[in-house]
Amino acid sequence: MKRNEELSKLTSVKEWDFLVIGGGASGLGSALDAVSRGFKTVLLESHDFAKATSSRSTKLVHGGVRYLAQGDIGLVKEALKERGLLAKNAAHVVKNQSFIIPNYTWWGGIYYKIGLSIYDFLAGKLSLGKTKYISKSKTVEKLPTIEQKNLASGVVYQDGQFDDARLAVNLTQTIIEKGGAAVNYVKVINLIKNDSDKVIGVIAEDQFTKQQFEIHAKVVINATGVFTNDILNMNNPKHGKFVVPSQGIHLVLDKSFLKSDDAIMIPKTSDGRVLFVVPWHDRALVGTTDTLLESESFEPRALEEEVKFVLNTARQYLAKKPTREDVKSVYAGLRPLAAPKDGSKSTKEVSRSHKVITSDTGLVSIIGGKWTTYRKMAEDTIDKAMQVHQLGTAASKTEHLSIHGNMKPEAVDRSSHLYVYGSDIPEIKKLQQSNPEFSEKIHPDHPFTIAEAIWAIRNEMAQTIEDILARRVRLLFLDARAAIDSAHKIASIIAKENGHSQEWANEQEREFIELAKGYLLTPYSPRSI
């Protein structure tokens, strides 16, 4: 993953088979599916890989327990199959996670035990383990921080958990290893059409140098998530709205609020949503909300009512009551939901499944979906594109395709924070040993080392402080103050590695600190580290 090498491919290939716009879950999945079938494939991302929705999830690889309650068996079955495949294809970033539903009524345990046994059954051979009913005392033993007043029992079920931005980086690496091209910070600014009004490529611009590229392709895939309408506007300004953004926020708390390796699943909150408290990188992740928004943004901000809802709900179920001051980081993400035909405002009425739509111009757009089903979404997208553009019948090869970094599950050592690097761990350790400075921590309160920043710059196309602290290591999402305190150090490292000026480093630091303040609920005051 070297950006200069990927940029050079943009001018050296006369015509690509597939050009994918968007470097999130659906775009990366589509590019990998196309390249693994033997097509010349290029992916362009206007910001960094997984900058938007795809780094802001609840970190779950799941069938969707709430969709089961809504009776959407097909969606659940598909997602459970994909959950099982992803656990095999990327075992280093996906793990089996126990979830406990605390029940505060006598019948709750029976009800959820029956429902989740159906969930297990639908998973078939790819099940992660059987659902179990447990007593009140066992529930407290497993979840020592759970609110015990009126607690009746617990139900334990298994689902998947992962690191979304790290998986995105691994998918990009796999695309390049398979012979494709993928580059960040190259924005599509227009579509190229021929005399018959068919899309035959794009005009794209390097966001750093402002150099423009005219890139031709047999098929252009619009996989831009909540920004799908922007590309559709380039194609046809009268297209109508196909995607509506729904915001979900997450609060990150200290591990003391969840002294357990088990996650908590609250199946019905005051307004009917599901809420999770999940252990993630030695923190407790609490979310999510589901709020329809009018417009999309690359840096969505948590609304005050969302923050209050998550905190109030968490306080009902946790013995240690979280306050605003306890929140280490708050982040918001936008789900790209397929727009309801009736103009409904309720997110429950908006489809969670994905749709592939084709325009008269030949543009193929993938809308909706979620991380868990990214591979199936991609397969459907490329299948449809091949059919519309008559590109043969090569079948998808991703069902059992090992993703960069993959290891045998038993070989993954989750006691070290480096586990997310999988088969690249020896290279990181080599870097740490090559220079005493590289083995130092980025921040004294967190395990991430300078070597990981160096690795991200040299091998994972990280260009900015944000790329490193938000997505290559997850410090911004885990502890926004620590990320701000580390900005100067990371700016200096990038400047030294890439030959940037001191002015560049200063500007980068200023931009990042401004951005990171949006991840705090209380005012920032500098700390000396």
* Asked: Does the side chain of S365 reach to within under 4.5 Å of the side chain of L232, using non-hydrogen atoms?
  -> yes

Between [Y] and [X], does any NZ, NE, NH1 or NH2 come within less than 4.0 Å of an OD or OE carboxylate oxygen?
X	Y	value
K308	E306	no
R375	E379	yes
K376	E399	no
E507	R510	yes
R37	D33	yes
K95	D159	no
R335	D290	yes
D163	R471	no
K81	E78	no
D164	R56	no

* To do: Look at the rings of Y331 and F477 and say which category their plane angle falls in: under 30° parallel, 30 to 60° tilted, over 60° perpendicular.
  => tilted

* Specify whether Y185 and F208 have parallel, tilted or perpendicular ring planes, treating 30° as the upper limit for parallel and 60° as the lower limit for perpendicular. => tilted

Compute whether any side-chain donor of one residue and acceptor of the other, for [X] and [Y], lie under 3.5 angstrom apart.
X	Y	value
E460	W455	yes
T398	S396	yes
D197	T361	no
D282	H446	no
H404	D424	yes
E299	Y519	yes
N89	H400	no
Y421	E452	yes
H250	T58	yes

Verify, without hydrogens or angle tests, whether [X] (side chain) and [Y] (backbone) share a donor-acceptor contact under 3.5 angstrom.
X	Y	result
H62	T372	no
N406	K88	yes
T373	K370	yes
Q247	P245	no
E45	N184	no
E214	I192	no
T41	G180	no
E6	A182	yes

* Asked: With a distance cut-off below 6.0 Å to the six-membered ring centre and an angular limit of 45° from the axis, does R472 pair with F448 as a cation-pi contact?
  -> no

* Asked: Do we get K40 above W16's six-membered ring, with its NZ or CZ under 6.0 Å from the centre and within 45° of the axis?
  -> no

* Establish, yes or no, whether a centroid distance under 6.0 Å links the rings of W371 and F162. => yes

* **Trace of the side-chain hydrogen bond (donor to acceptor under 3.5 Å, both in side chains) decision for Q211 with D206** => CA-CA 5 Å; Q211 178 187 356; D206 186 327; over 6 Å; no

